[in-house]
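By convention in this document, chain letters (A, B, ...) are assigned in the order of the sequence lines, proteins followed by strands, and residues within each chain are numbered from 1.
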There are 2 protein chains.
Amino acid sequence: MYTIHEACEKTGLAAHTLRYYEKERLLPNVSRSRGGFRQYSDEDLEALGLICCLKNTGMPLSDIARFMELTREGDQTLRERCELLKRHKEVVKGRMSEMERHLEKVTHKLDHFSRMLSEYEKEME
Amino acid sequence: MYTIHEACEKTGLAAHTLRYYEKERLLPNVSRSRGGFRQYSDEDLEALGLICCLKNTGMPLSDIARFMELTREGDQTLRERCELLKRHKEVVKGRMSEMERHLEKVTHKLDHFSRMLSEYEKEME
DNA sequence: TATTGACCTAGAGTTAACTTCAAGTTCTAT
DNA sequence: ATAGAACTTGAAGTTAACTCTAGGTCAATA
């Protein structure tokens, strides 16, 4: 079992954030010591890994909370969870190719500015 | 010259958003009709194109405002603007490859769930 | 035993980027 | 001339995801 501090180190999240995620039902069943301190298990850290993974790919916390609720419901939601992940992957891929397009536009703008710059510098001679 | 409504159509932004951008000094010098209505010129729309381009690639509005301030300062800031755009491009590329890594992790998780699912379904037979 | 540092809670505050509201003004078409 | 649509303003409200505060409790050490 790990303290909240250790869980922070392993996940890269702040302690405030871990408590916030608990309140938001991303990982609501973390066990406690006699004194009321949080104790993270290996499964908790595993779950946090998945949570970060989804968060890092832009899934809103409310959707992650729903996903984790399904997880707690057990194996009979495995199919649904697979579907959700597949759909999420497609969404992320879509966003990435859109970003690619946007980046190309930036490149065009930069080319334009570069040409303007060299004209300007020619004039300055 | 175009009304704010026409500017909305050409940029895909809401009228409220255009006014907000004006207040935030992204494009603060839009001219006005006698009655005080905004009149967007072709250069304004061109500038809005760049603004959207930067926004769509994740540049914060405050940075865009700074960029547009440089633009208003004229050609002697062309070099600086080119540098800024180049740096921005690198930042965006970095984010995209990071996202690629994150997406791979999602793929791994999905594979894991898929394997668990087929085991589960075998048991169910 | 006393101190110190890590942890607890509920609730308030922050940030970015809008979005809505209320109330008034201007433009356009009959 | 007037109805109604489109536009104006400043200010308040919204959302997501934190982040911080205040006032306490718990645990390890001297």
Heavy atoms, side chains only, cut-off 4.5 Å: are B:Y21 and B:T11 in contact?
no
Any donor-acceptor pair under 3.5 Å linking the side chain of B:E6 with the backbone of B:T3?
yes
So which nucleotide from C:dT26, C:dT19, D:dT9 ends up closest to the side chain of B:F37?
C:dT26
Are any of A:R19's side-chain N or O atoms less than 4.0 Å away from OP1 or OP2 of C:dC8?
yes
So, OP1 or OP2 of C:dT26: does either fall under 4.0 Å of a side-chain N or O from B:S33?
no
Side-chain N,O (A:R38) to OP1/OP2 (C:dT9) below 4.0 Å
yes
Could you pick out which residue, B:H16 or B:G36, lies toward the 5' side of DNA chain C when each is mapped onto its nearest nucleotide?
B:H16
So, OP1 or OP2 of D:dA17: does either fall under 4.0 Å of a side-chain N or O from A:Y21?
no
Quick one: is B:R32 getting a side-chain N or O under 4.0 Å of the C:dT26 phosphate, OP1 or OP2?
no
Rounded off to whole Å, could you give me the OH-to-C1' distance for the B:Y2 and C:dC27 pair?
20 Å
Between C:dC7, D:dT8, D:dA17, which one does the side chain of A:Y20 approach most closely?
D:dA17
Looking across every strand, which nucleic acid part, if any, lies under 4.0 Å from A:K55 by heavy atom: base, sugar-phosphate, or nothing?
sugar-phosphate
Does the side-chain contact (heavy atoms from CB on, under 4.5 Å) test come out yes or no for B:M96 and B:E100, once each step is laid out?
CA-CA 6 Å; B:M96 281 175 50; B:E100 203 105 39; 5.7 Å; no
B:T3 side chain N/O closer than 4.0 Å to the phosphate oxygens (OP1, OP2) of D:dA6?
no
Quick check on DNA chain D: between A:A14 and A:R34, whose nearest nucleotide comes earlier from the 5' end?
A:A14
